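Down below is the structure, laid out as structure tokens.
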Amino acid sequence: MMKNFYEKVYDIVAQIPKGTVTTYGCIAMRLGNIRLSRLVGNALHANIDPVNIPCHRVVNREGKLAPMYVFGGIDAQKERLENEGVVVDGDKVDLKKYLWR
DNA sequence: GCCATGGCTAGTA
DNA sequence: GCCATGGCTAGTA
């Protein structure tokens, strides 16, 4: 049976290397359609397993963090990223440096 | 209907 | 700054 969309999103997010980030759009591309990018956000919002699914490594295409990050908002996401060496300037990261693709 | 998006356009200076 | 997109969920009946 085909894995549902959310599971596929989680599979990809689980592969993002420590110390890098990716975007909703990149994940959507991997799933075959850039238009699914918004659904990627939905999937991460519903994520209940932050231990195995590092959703803090996903930002939007401008490199900005998620204001509605489930486990504590931008501050929590920022702290998690900084803990693995990603520099966060205000509420955004430099995609040229950290983008995983 | 809702969105943790992304891409493109209109309108100003 | 607007809106097309599409899988999912909350909330009503």
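Letters A, B, ... are given to chains in the order of the sequence lines, protein chains preceding strands, and every chain is numbered from 1. Keep in mind that the numbers below use all heavy atoms, side chains included, and drop hydrogens, waters and symmetry copies. Since the model is a prediction, treat every value here as computed from it, not as a measurement.
Residue Y10(A) contributes atom OH, which lies 13 Å from atom P of dA4(B) at whole-angstrom precision. Distance CZ (R35(A)) to P (dT5(B)): 17 Å, rounded to an integer number of Å. Rounded to an integer number of Å, the gap from L39(A) CG to dG6(B) C1' is 13 Å. Distance CG (L31(A)) to P (dT5(B)): 16 Å, rounded to an integer number of Å. Atom CZ in R38(A) sits about 15 Å away from atom P in dG1(B), given to the nearest Å. The separation between Y24(A) atom OH and dA4(C) atom C1' is 19 Å, rounded to whole Å. Spacing between atom CG of N4(A) and atom P of dT9(C) amounts to 9 Å, rounded to whole angstrom units. Between the C1' atom of dG6(C) and the CD1 atom of I34(A) lies a distance of 14 Å, rounded to the nearest Å.
Taking every heavy atom of both residues into account, A46(A) and Y10(A) meet most closely at C-OH, 3.7 Å. For Y6(A) against N42(A), the heavy-atom pair with the smallest separation is OH-CB, 3.4 Å.
Taking atom C1' in both dC8(B) and dG7(C), one finds a spacing of 24 Å when rounded to whole Å. Using C1' as the reference atom, dG11(C) and dA4(B) are 23 Å apart when rounded to the nearest Å.
Among residue pairs with one or both ends in residues 73-86 of chain A, those qualifying as salt bridge (Lys or Arg N to Asp or Glu O under 4.0 Å) are R57(A)-E84(A); sequence neighbours excluded.
For dA4(B), its base never sits under 3.5 Å from the side chain of Y69(A) at any donor and acceptor pair.
A stem is defined here as three or more consecutive Watson-Crick or G-U pairs, each with both distances under 3.5 Å; for DNA chain B these stems are B:1-3 with C:6-8, B:5-8 with C:1-4.
Without hydrogens or angle criteria, D49(A) side chain to I53(A) main chain gives no donor-acceptor distance under 3.5 Å. With Q77(A) contributing its side chain and V58(A) its backbone, the two residues share a donor-acceptor pair below 3.5 Å.
F5(A) and L44(A) fall within a single hydrophobic cluster, where Ile, Leu, Val, Met, Phe, Trp and Tyr are joined by side-chain heavy atoms under 4.5 Å apart, directly or via other members.
Phosphate contact (OP1/OP2 of dG7(B), side-chain N/O of R61(A), threshold under 4.0 Å): present.
Within 6.0 Å of the CG atom in D89(A), the count of heavy atoms belonging to other residues, nucleotides or ligands does not exceed 12.
In this structure, L36(A) reaches the sugar-phosphate backbone alone: every heavy-atom distance under 4.0 Å involves primed, P, OP1 or OP2 atoms, never a base. Using a 4.0 Å heavy-atom distance criterion, N42(A) is classed as a base contact.
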